[in-house]
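A quick write-up on the structure given underneath.
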Amino acid sequence: MPRATTTIPFHALRFEDDLPTLHEVERRLKSFLRSLRRQRQAAQTGDDEGNGDKMDQFFDYLNEAERRKIRRRAHR
């Protein structure tokens, strides 16, 4: 017989008291984009992530279109 309940969490319940501010959401989206770029670059070049001192400056740069896209998604 199948189980009526599951032990797998399916929703991360959040209460209104700990909703993130718009600035926090934008910061998290920007840091995620930068880390995603670092991972992709490391995978393409075969480098480990410890040697990315020169590349950190490149990943910190976000152009205006990317900033607008992040702001639009944070507003949603």
Inset, instruction - Could you tell me whether His23 atom NE2 has more than 12 heavy atoms of other residues or ligands within 6.0 Å of it? - result: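 Open: at most 12 neighbouring heavy atoms sit under 6.0 Å from NE2 of His23.
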So how far is it from [X] [atom1] to [Y] [atom2], rounded to the nearest 0.5 Å?
X	Y	atom1	atom2	result
Gln41	Arg38	CD	CZ	11.5 Å
Leu29	Arg73	CG	CZ	8.0 Å
Lys69	Asn63	NZ	CG	10.5 Å

With side chains defined as the heavy atoms from C-beta onward, is the minimum distance between [X] and [Y] less than 4.5 Å?
X	Y	value
Leu62	Ile70	yes
Arg37	Arg40	no
Arg67	Glu64	yes

Does [X] use its side chain to pair, donor to acceptor, with the backbone of [Y] at less than 3.5 Å?
X	Y	answer
Glu24	Thr21	yes
Gln39	Leu36	no
Arg71	Glu26	no

